[in-house]
Colleague: 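Mind looking over this structure? Questions follow.
Computed from a prediction, not measured in an experiment: that's the story for all the values here.
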Amino acid sequence: MSGFQQADFSYQGIRSDMDRLQQALAKSLQQGGHPLPDAPRRRILNLACGRADETGILIDVFGQDAQQLDILGADLRAPEIEEARARWKADPKNGLLTRFESGDGLQILDGLAPGEQFDVAFLRHQNFWNGNDLWQGMFDRSLHRLTDDGLLVITSYFDLEHRQACTALKRLGAVQIADYRNPDSRLISAKHQKSVDRHIAVFRKPPSP
Ligand SMILES: C[S@@+](CC[C@H](N)C(=O)[O-])C[C@H]1O[C@@H](n2cnc3c(N)ncnc32)[C@H](O)[C@@H]1O
């Protein structure tokens, strides 16, 4: 885990979820076979990030070979964003810039500077079942904000919502390069077959015409 974390996690067990996420993410990216190109600066969008517990993983996985890493996290819930701000402060001397914004993700993305783009758009535990239009809007805007070589990564708690989200992304023209069923994901409900980071899918943006 990266040394940038300012405060411990609020719940026991998050650290082991993070270890499992890191391994599953590495396997998904390996399956995808499209490493991000070398770049001195890398930008990550973490949309609907909640407390953004996975920030350390994003730093470790996507920031290793970059001199500067910029992370924008956004979520509707202000208290969770406050917690993220306190835990993952920027450390410009070591090349880390973090920004966490509370509000509607669609509006936040629409309000970014026209040319602002990201090398990675990350949506952990997307909630497609809980509002198709909202999540399609999030996916669509994220794809538009992705660099040509960028990666859009989703994780899902449930099988059905994962399939729905992947279908929606493909309808938007995204090209799926990995679909990984995480065998080590922590079971939350056997009845509902819900588990932490149960699925990870990786997409590239639609090819330019
Ligand atoms: C299942 S939670 C996932 C949170 C976090 N990524 C995680 O894995 O712990 C879904 C998140 O979507 C956020 N959300 C729902 N509607 C949103 C919107 N319109 N804009 C931004 N975030 C939204 C919720 O506040 C919630 O934090």
Side-chain angles (χ1 to χ4, degrees), residues 1-25 42-64 66 68-112 116 118-131 134-135 137-139 141-142 145 152-158 161 165 182 184-189 194-200:
M1 170 70 70
S2 152
F4 290 107
Q5 188 168 356
Q6 304 283 321
D8 208 353
F9 291 122
S10 40
Y11 303 108
Q12 294 284 335
I14 291 180
R15 196 163 290 282
S16 44
D17 284 345
M18 290 303 115
D19 290 342
R20 283 189 285 264
L21 173 60
Q22 180 153 10
Q23 285 172 19
L25 192 52
R42 196 154 277 162
R43 295 144 301 177
I44 299 177
L45 168 68
N46 189 3
L47 192 56
C49 64
R51 294 184 309 257
D53 288 337
E54 61 281 1
T55 303
I57 303 304
L58 299 179
I59 294 169
D60 283 354
V61 172
F62 296 111
Q64 285 293 349
Q68 183 170 326
L69 188 66
D70 299 356
I71 300 181
L72 169 61
D75 197 281
L76 205 49
R77 296 181 292 165
E80 276 71 8
I81 285 294
E82 274 308 315
E83 198 174 327
R85 278 187 190 132
R87 186 166 291 117
W88 303 106
K89 294 197 175 109
D91 185 354
K93 273 197 202 139
N94 287 305
L96 177 68
L97 292 182
T98 53
R99 217 166 18 129
F100 292 98
E101 294 191 12
S102 61
D104 175 35
L106 301 179
Q107 288 183 16
I108 290 171
L109 288 176
D110 288 345
L112 295 176
E116 189 159 356
F118 299 90
D119 303 290
V120 178
F122 194 77
L123 296 98
R124 181 170 183 238
H125 297 135
Q126 54 75 32
N127 254 178
F128 195 84
W129 61 270
N130 193 21
L134 169 68
W135 290 90
M138 302 260 226
F139 294 157
R141 284 164 176 79
S142 301
R145 291 280 173 181
L152 185 150
V153 181
I154 63 167
T155 88
S156 313
Y157 280 128
F158 300 99
E161 70 173 5
N182 178 6
D184 301 319
S185 71
R186 177 169 61 83
L187 194 63
I188 298 173
S189 162
K194 176 181 184 183
S195 59
V196 176
D197 298 308
R198 185 178 181 87
H199 295 273
I200 300 183

Colleague: What distance separates Asp184 CG from Arg20 CZ, expressed to the nearest 0.5 Å?
Modeller: 7.5 Å

Colleague: Testing Ile154, Val196, Ile57, Leu47 one by one against Arg124 for a side chain to side chain contact (heavy atoms under 4.5 Å, CB included), which residue passes?
Modeller: Val196

Colleague: Apply ring pair (Phe, Tyr, Trp, His ring centres under 6.0 Å) to Phe62 and list each qualifying residue two or more places apart in sequence or on a separate chain.
Modeller: none

Colleague: If you measure only the distance, is there a donor-acceptor pair under 3.5 Å linking the side chains of Glu54 and Asn46?
Modeller: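 Note: Glu54 and Asn46 side chains meet the donor-acceptor criterion.
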
Colleague: Measure the spacing between OG of Ser156 and CG of Asn182 and express it to the nearest 0.5 Å.
Modeller: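 Here the rounded value is 11.5 Å.
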
Colleague: Considering only NZ, NE, NH1 and NH2 on the basic side and carboxylate oxygens on the acidic side, decide whether Asp75 and Arg51 come within less than 4.0 Å.
Modeller: no

Colleague: To the nearest 0.5 Å, tell me how far Gln23 CD sits from Met18 CE.
Modeller: 12.5 Å

Colleague: Please check: side-chain N/O of Thr98 versus main-chain N/O of Ala90, any donor-acceptor pairing under 3.5 Å?
Modeller: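 Yes; judged by distance alone, with no hydrogens or angles, the pair exists.
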
Colleague: Once salt bridge (charged side-chain N to carboxylate O under 4.0 Å, His left out) is applied, do any residues pair with Arg99, and if so which ones, sequence neighbours excluded?
Modeller: Glu101, Glu116

Colleague: Say whether, by atom type as modelled, one donor and one acceptor occur between the side chain of Arg42 and the main chain of Asp70 under 3.5 angstrom.
Modeller: no

Colleague: Under the 3.5 angstrom rule, does the side chain of Asp119 hit a backbone N or O of Arg43 as a donor-acceptor pair?
Modeller: yes

Colleague: Could you tell me if the side chain of Trp135 sits less than 4.5 Å from the side chain of Trp129, heavy atoms only?
Modeller: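 Of all side-chain heavy-atom pairs linking Trp135 with Trp129, none is under 4.5 Å.
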
Colleague: Do other residues, nucleotides or ligands put more than 12 heavy atoms under 6.0 Å from Gln12 CD?
Modeller: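 No, because the 6.0 Å sphere around CD of Gln12 holds 12 heavy atoms or fewer from other groups.
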
Colleague: Applying side-chain contact (heavy atoms from CB on, under 4.5 Å), name anything that partners Asp104, two or more places apart in sequence or on another chain.
Modeller: Leu76, Leu106, Gln107, Leu134

Colleague: CG of Leu96 to CZ of Phe4: how many Å apart, nearest 0.5 Å?
Modeller: 5.0 Å

Colleague: So does Asp17 pair up with Arg186, basic N to acidic O under 4.0 Å?
Modeller: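 Salt bridge between Asp17 and Arg186, a charged N being under 4.0 Å from a carboxylate O: yes.
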
Colleague: Quick one, His199 with Thr155, criterion side chain to side chain contact (heavy atoms under 4.5 Å, CB included). Give me CA distance, side-chain angles, the key distance, then yes/no.
Modeller: CA-CA 5 Å; His199 295 273; Thr155 88; over 6 Å; no

Colleague: Output the distance between atom CZ (Arg77) and atom OG (Ser102), rounded to the nearest 0.5 Å.
Modeller: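 Taking CZ in Arg77 and OG in Ser102, the distance rounds to 11.5 Å.
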
Colleague: For the atom pair CG (Leu21) and CG (Leu58), what is the distance rounded to the nearest 0.5 Å?
Modeller: 8.0 Å

